[in-house]
Amino acid sequence: MGAYKINDWQNLKTEDINELQHALISWFEKNHRQMPWRETINPYYTWISEVMLQQTRVDTVIPYFLRFIDKFPTVKQLAKADEEEVLRLWAGLGYYSRAKNIHRGAKLICEVYDGKIPENQKELLKIPGIGSYTAGAILSIAYEKPAAAVDGNVMRVFSRLFLVYKDISEGSTKKEMEKLGEAVVSATNPSAFNQGLMELGALICTPNSPKCSSCPLSFICRARRAGVQESLPVKKKKEAVKSVNMELGLLQKGDKVLLTKRPPEGLLANLWALPAVEGTADGNAGRSIVLELQESYGIETSDPEPVVEKSHVFTHMKWNMQLFRLKLLSMSDIDYPEIQWVSLKEMDQYAIPTAFLKVIKEIK
DNA sequence: AAGACGGGGTA
DNA sequence: TACCCAGTCTT
């Protein structure tokens, strides 16, 4: 069985494409899951939900989406919000640059497009946080335009349907998949077609143990015919995660804990967290965090007392967190906006990443 | 082209 | 533990 060549699809018969479209769309109409952003057609809802869904599961997104549109029902209200508030509603969802981008995007849409989300790819791609996938999703789902919306699910489905052995982690493969997506998308119902591909990838054409016996497209699936569905798509192995050592300081005043706002760039940017210093795990355990608090905020403390050591694994990084209890001796009178004493009850008023929330709650 | 960037589910 | 995922931006 030879590898599929993408150009083969340009030779596909119109009837075959029609058959694919019809089978997929009718399957989607019958079998799709209910989601809050599917109840009405609202480009703002499509935009917010698609950004939240980037690298994130539906079940995780739903409560965040509902809170978000409740607080910011329109683009204009989002544009007027404080970034701090946007970030607070995003806390726990991960990839926090998405929150920053969506806020910047709302301002741009209000300033340049009078609060209306653009209807063409060129303008959509100018909005921070919208790349080729999200632009295609908005065009097809919110505006019924026959654009491709190719994400990881769709690449998996395509690689199996058309027996594509090219590595899907390569940029060139994604480009070819998008060409393919444009070639096969339904002109009459691009929304159901694109969502159908993704829903199929999520429910039937899963990464492991695909449920081919329930698949509405098994009759045209070349991987299924060849019996190789389990070994597709081809994807380059990821590098091993690198380890990062981090010292955390635990300072308590009554029932309050000291939190610091993280720097505006890099990991967990702009979120509130325990005071942290990266890159040290040596014989002088805890010394760096004492120094950091002294130099940055004029906080004098007693010697560090080890409390707990925890590791937290991110996608490509393993944090080794060493937590030290520090007794507060004195503080300067200067009011630093980037440090706060916060009680456990007040924590939900701050954008605190899950990794830190877990540590803090464990201590209390 | 490669690296940075969270978190939760699953085996 | 290791791998997976409804991606985008920066370098």
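Below, chains carry the letters A, B, ... as their sequence lines are ordered, and counting in each starts from 1. The basis for the numbers below is simple: all heavy atoms, side chains too, and nothing from hydrogens, waters or symmetry mates.
Using atom P as the reference point in both C/dT11 and B/dG6, the two lie 15 Å apart (nearest Å). B/dG9 and C/dT8 have their C1' atoms separated by 23 Å, given to the nearest Å. Comparing the C1' positions of C/dC5 and B/dC5 gives a spacing of 14 Å, expressed to the nearest Å.
Nucleic acid contact for A/Ser97: none, since no nucleic acid atom lies under 4.0 Å from a heavy atom of the residue.
For the pair A/Arg104 CZ and C/dC9 P, the computed distance is 9 Å after rounding to whole Å. Between the OH atom of A/Tyr64 and the P atom of B/dG6 there is a distance of 13 Å, given to the nearest Å. With rounding to whole Å, A/Tyr96 atom OH is found 20 Å from C/dT10 atom P. In this structure, CD of A/Glu178 is placed 11 Å from C1' of C/dG7, rounded to the nearest angstrom. One interatomic measurement links the two molecules: CG of A/Leu125 to P of C/dG7, which rounds to 16 Å at whole-angstrom precision.
Shown for residues 146-157 of chain A: no residue has heavy atoms falling under 4.0 angstrom of DNA chain B. At a non-hydrogen distance threshold of 4.0 Å, nothing from residues 190-199 of chain A comes into contact with DNA chain B. A heavy-atom distance below 4.0 Å to DNA chain B is reached by these residues of residues 45-59 of chain A, ordered by number: A/Gln55, A/Thr56, A/Arg57.
Close to C/dT8, at under 4.0 Å from its OP1 or OP2, lies a side-chain N or O of A/Thr134. An OP1 or OP2 oxygen of C/dC9 is reached within less than 4.0 angstrom by no side-chain nitrogen or oxygen of A/Tyr95. A sub-4.0 Å separation between OP1 or OP2 of C/dC4 and a side-chain N or O of A/Lys235 is absent. Checking the phosphate oxygens (OP1, OP2) of B/dG7, a side-chain nitrogen or oxygen of A/Thr354 falls inside 4.0 Å.
Positionally, the nearest nucleotide of DNA chain B for A/Glu170 lies more toward the 5' end than for the other of A/Ala355 and A/Glu170. For the pair A/Gly171 and A/Lys358, nearest-nucleotide mapping onto DNA chain B gives the more 5' position to A/Gly171.
Aromatic ring centres of A/Tyr64 and A/Trp90 lie farther apart than the 6.0 Å criterion allows.
A donor N or O paired with an acceptor N or O is found under 3.5 Å between the base of C/dA6 and the side-chain atoms of A/Arg33.
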